[in-house]
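This chain uses plain numbering: 1 for the first residue, then up along the sequence.
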Amino acid sequence: MPTLESLTKIAATNQWGALAPEIGLIILALVILMADVFAGPARARIVALGALLGQVVILAFTLVGQSSATSGPLFGGLLTVSAWGNLWRVFFQFAGLIAGVLGVLHLDRRHLPRGEFHALIAIVTAGLMLLAQSTHFVLVFIALETVTISFYILVAYARQSTFSLEAGLKYLVQGGLSSALLLFGMVLLYGAAGNPGLKGNVADGLDFVQLGSFLKLNATHPLVLAGAALVLCGAAFKGGLFPFQVWIADVYQGAPTPTTAFLSTASKAGGFVMLINLLKGPFAPLAATLAPVLLVIAIATLLFGNIAALPQFNVKRILAWSGVSHAGFLLAGICAMVKTGDFSYQGTIVFYFFTYLFASAAVFGVLNALQVKDDAQPELNDFHNLLKRHPFHGSVLIIGLGSLAGVPPLAGFIAKFLIFRLVLDAQLYGLLAVAALGVALSMYYYFGWIGSIARHILPWPVKGGAENEPVVQDSVLSRVFLASAAILTVVLGLYQGVFSSVLG
């Protein structure tokens, strides 16, 4: 039973100003919903643009307030504000803003409601920002479920599409399974940490600090290992890691394009943030046991993602399986940090996610602008000679795909190089060889797509069936968005200092 003194100490750490961006996003979501009700269909576009403006203002506030932000544990240890947490907050807001822009361009064409979409984007962004700072399993679960339930709706948002509804159902079933595994793992750890029969039992086994001190004395206990394994299974599902990646292709294909873009970047990042916070926090005493397991998962993820992408012709499925490959690269970097015990290189993971975000924005931005009959069925042959017929969109798409493939001097090349360096420094030579093989395999499907785009000037054979003449739906907002994504991809490849000076 907590005493009055302990409650007073906890209340002293309740600094709501430190959560101003998250609170602002929740308020923005409520304002969007109310404005959408009263504005009506005629002013729906104004509401959508207002939602984007609100996101930009909150992002600017977060960037400006980083240097003066409160740091340390808050709300009785539920979360910890730190420089790394603030960097992840910025990432998630960029991802939400990109999804919002894609939504403005996509929803009207598909005759889908706008207000609910932008409200859900704001809620997911706030949930992911809280997840990045969580240091207590209660907040981890609440933040994660807020994000997951919102994504259930976003994936099935195109209610007139059987592909979208099927994707939503599959994501619901498998997401529910991952949540059950995660919760069961938390319960096992909580029960073990509070067991008086074990050494160093603690009052709150859900608190990261207390749990970490308990695990130092009980790192090999079967109940502890089972609980940690189940918790990591939940994180692996969100990150798209083997063997919890089977949902990805169907969900990515069926979901509306803005949702796919948001899911492939923000949701994956949420899983990896959770994984990093656990491995450098309460699960640090389990490093010797977890390191070989993570190594095997990284190798399997790299191989599965790249091999599964090779025969694909549907571009959303290519992006889905290549996203699994990128998850393998990210886990390879984490394996290196677990082996060395040095998580100061977390910046490499953050940088990789930013390069992945901007390259994905370029690719999904062009995919979003392409006129196709069914949003779930864009094929490689829909892009034949895109560079010739629409030079701007073709160039942006080539830059985005080149960065995802790791072609120098684009940002994706630098991100992969930094991961390779981490793995090499950790002397994980087998993992390094598999990662190099992954890069070689990825060149086939990425350059197959680029070959379709620039069919008239490139000499290699082109994947795909009969040629379709690509048609794009253009607008000023679309061109500004695509140009920004392409420029950021090039700039981060040539000058990484802009990353640390603006965001770090």
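Around atom OH of Y152, more than 12 heavy atoms belonging to other residues, nucleotides or ligands sit under 6.0 Å away. At most 12 heavy atoms of other shown residues, nucleotides or ligands fall within 6.0 angstrom of atom OH in Y345. Atom OH of Y190 is surrounded by 12 or fewer heavy atoms from other residues, nucleotides or ligands within 6.0 Å.
Not a single donor-acceptor pair under 3.5 Å links the side chain of S360 to the backbone N or O of L357. A donor-acceptor distance shorter than 3.5 angstrom exists from the side chain of T135 to the backbone of G77, with no hydrogens or angles considered. Counting only distance, with no hydrogens or angles, the side chain of K238 and the backbone of K268 share no donor-acceptor pair below 3.5 Å. The backbone N or O of Q253 sits nowhere less than 3.5 Å from a side-chain atom of T260 that would complete a donor-acceptor pair.
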Take L404 and H326 through the test side chain to side chain contact (heavy atoms under 4.5 Å, CB included) and record every step on the way to the result. CA-CA 9 Å; L404 292 176; H326 284 286; 3.9 Å; yes

Please determine whether side chain to side chain contact (heavy atoms under 4.5 Å, CB included) holds for the pair L177 and F237, giving the CA-CA distance in whole Å, both sets of side-chain angles, and the decisive distance to 0.1 Å. CA-CA 9 Å; L177 174 62; F237 177 87; over 6 Å; no

After noting the C-alpha distance and the side-chain angles of F244 and C233, does the key distance pass the side chain to side chain contact (heavy atoms under 4.5 Å, CB included) rule? CA-CA 8 Å; F244 299 97; C233 286; 3.4 Å; yes

Pair N306, S325 - check side chain to side chain donor-acceptor pair (under 3.5 Å), show working. CA-CA 6 Å; N306 283 297; S325 169; 3.0 Å; yes

For side chain to side chain contact (heavy atoms under 4.5 Å, CB included), just list the numbers for V202 and S213, CA-CA rounded to whole Å, side-chain angles, deciding distance to a tenth of an Å, and then say yes or no. CA-CA 8 Å; V202 295; S213 66; 3.9 Å; yes

Under the side chain to side chain donor-acceptor pair (under 3.5 Å) criterion, do Y252 and S264 qualify, and how do the steps go? CA-CA 8 Å; Y252 278 32; S264 68; 4.9 Å; no

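Counting only N and O atoms by type, the side chains of D342 and S344 include a donor and acceptor under 3.5 Å apart. For the residue pair T355/K416, the side-chain donor-acceptor check at 3.5 Å is not satisfied. Side-chain polar atoms of H136 and D207 form no donor-acceptor pair below 3.5 angstrom. The closest side-chain donor-acceptor pair between Y356 and T265, if any, does not fall under 3.5 angstrom. No donor-acceptor contact under 3.5 angstrom links the side chains of T257 and N368, judged on distance only. D36 and H118 form no side-chain donor-acceptor contact under 3.5 Å, judged by distance and modelled atom types alone. Of the N and O atoms on the side chains of Q346 and W88, at least one donor lies less than 3.5 Å from an acceptor on the other residue. Looking at E145 and S179, their side chains do bring a donor and an acceptor atom within 3.5 Å of each other. T80 and Q133 are not linked by any side-chain donor-acceptor pair at a separation below 3.5 angstrom, with hydrogens and angles left out of the test.
Atoms CD and CD1, on Q93 and I121 in that order, are 13.0 Å from each other to the nearest 0.5 Å. Distance check, rounded to the nearest 0.5 Å: CZ of R89 to OG1 of T125 gives 12.5 Å. F242 contributes atom CZ, which lies 12.0 Å from atom CG of L302 (distance to the nearest 0.5 angstrom). Once rounded to the nearest 0.5 Å, the distance linking CD1 of I487 with CG of L492 reads 12.0 Å. To the nearest 0.5 Å, atom OG1 of residue T146 and atom CG of residue L130 are 8.0 Å apart. Atom CZ of R421 and atom CG of L424 lie 10.0 Å apart (nearest 0.5 Å).
For V224 against A192, the heavy-atom pair with the smallest separation is CG2-CB, 4.2 Å. Nearest approach of L294 to L331, heavy atoms of both residues: O-CD2, 3.7 Å. The minimum heavy-atom distance between L275 and L232, with the atom names listed, is CD1-CD2, 3.4 Å. Shown here for T259 and L154, the closest heavy-atom pair between the two residues is OG1-O, 3.1 Å. Minimum heavy-atom separation, V273 to L131: CG1-O, 4.4 Å. For A269 against F92, the heavy-atom pair with the smallest separation is CB-CE2, 3.7 Å.
Ring geometry for F354 against F91 counts as perpendicular: the plane angle is over 60°, on a 0 to 90° scale with 30° as the lower cut. Ring pair W247/Y171 is tilted by interplanar angle, where 30° to 60° counts as tilted. Between W321 and F304, the angle of the ring planes goes over 60°, which puts this pair in the perpendicular group of the 30/60° scheme.
Side-chain contact between W16 and F75 is present, with heavy atoms from C-beta onward closer than 4.5 Å. Taking 4.5 Å as the limit, some side-chain heavy atom of F61 sits within range of a side-chain heavy atom of P21. For the pair T289 and F283, the minimum side-chain heavy-atom distance is 4.5 Å or more. Here the side chains of R317 and D250 are in contact, with some heavy-atom distance below 4.5 Å. You'll find the side chain of I307 reaches within 4.5 Å of the side chain of L441, heavy atoms only. Proximity of L120 to F117: side-chain heavy atoms (C-beta onward) are nowhere separated by under 4.5 Å. A 4.5 Å side-chain heavy-atom check between L107 and P113 finds every atom pair outside the cut-off. Proximity of K199 to F214: side-chain heavy atoms (C-beta onward) are nowhere separated by under 4.5 Å.
For F343 and W84, the distance between ring centers is not under 6.0 angstrom.
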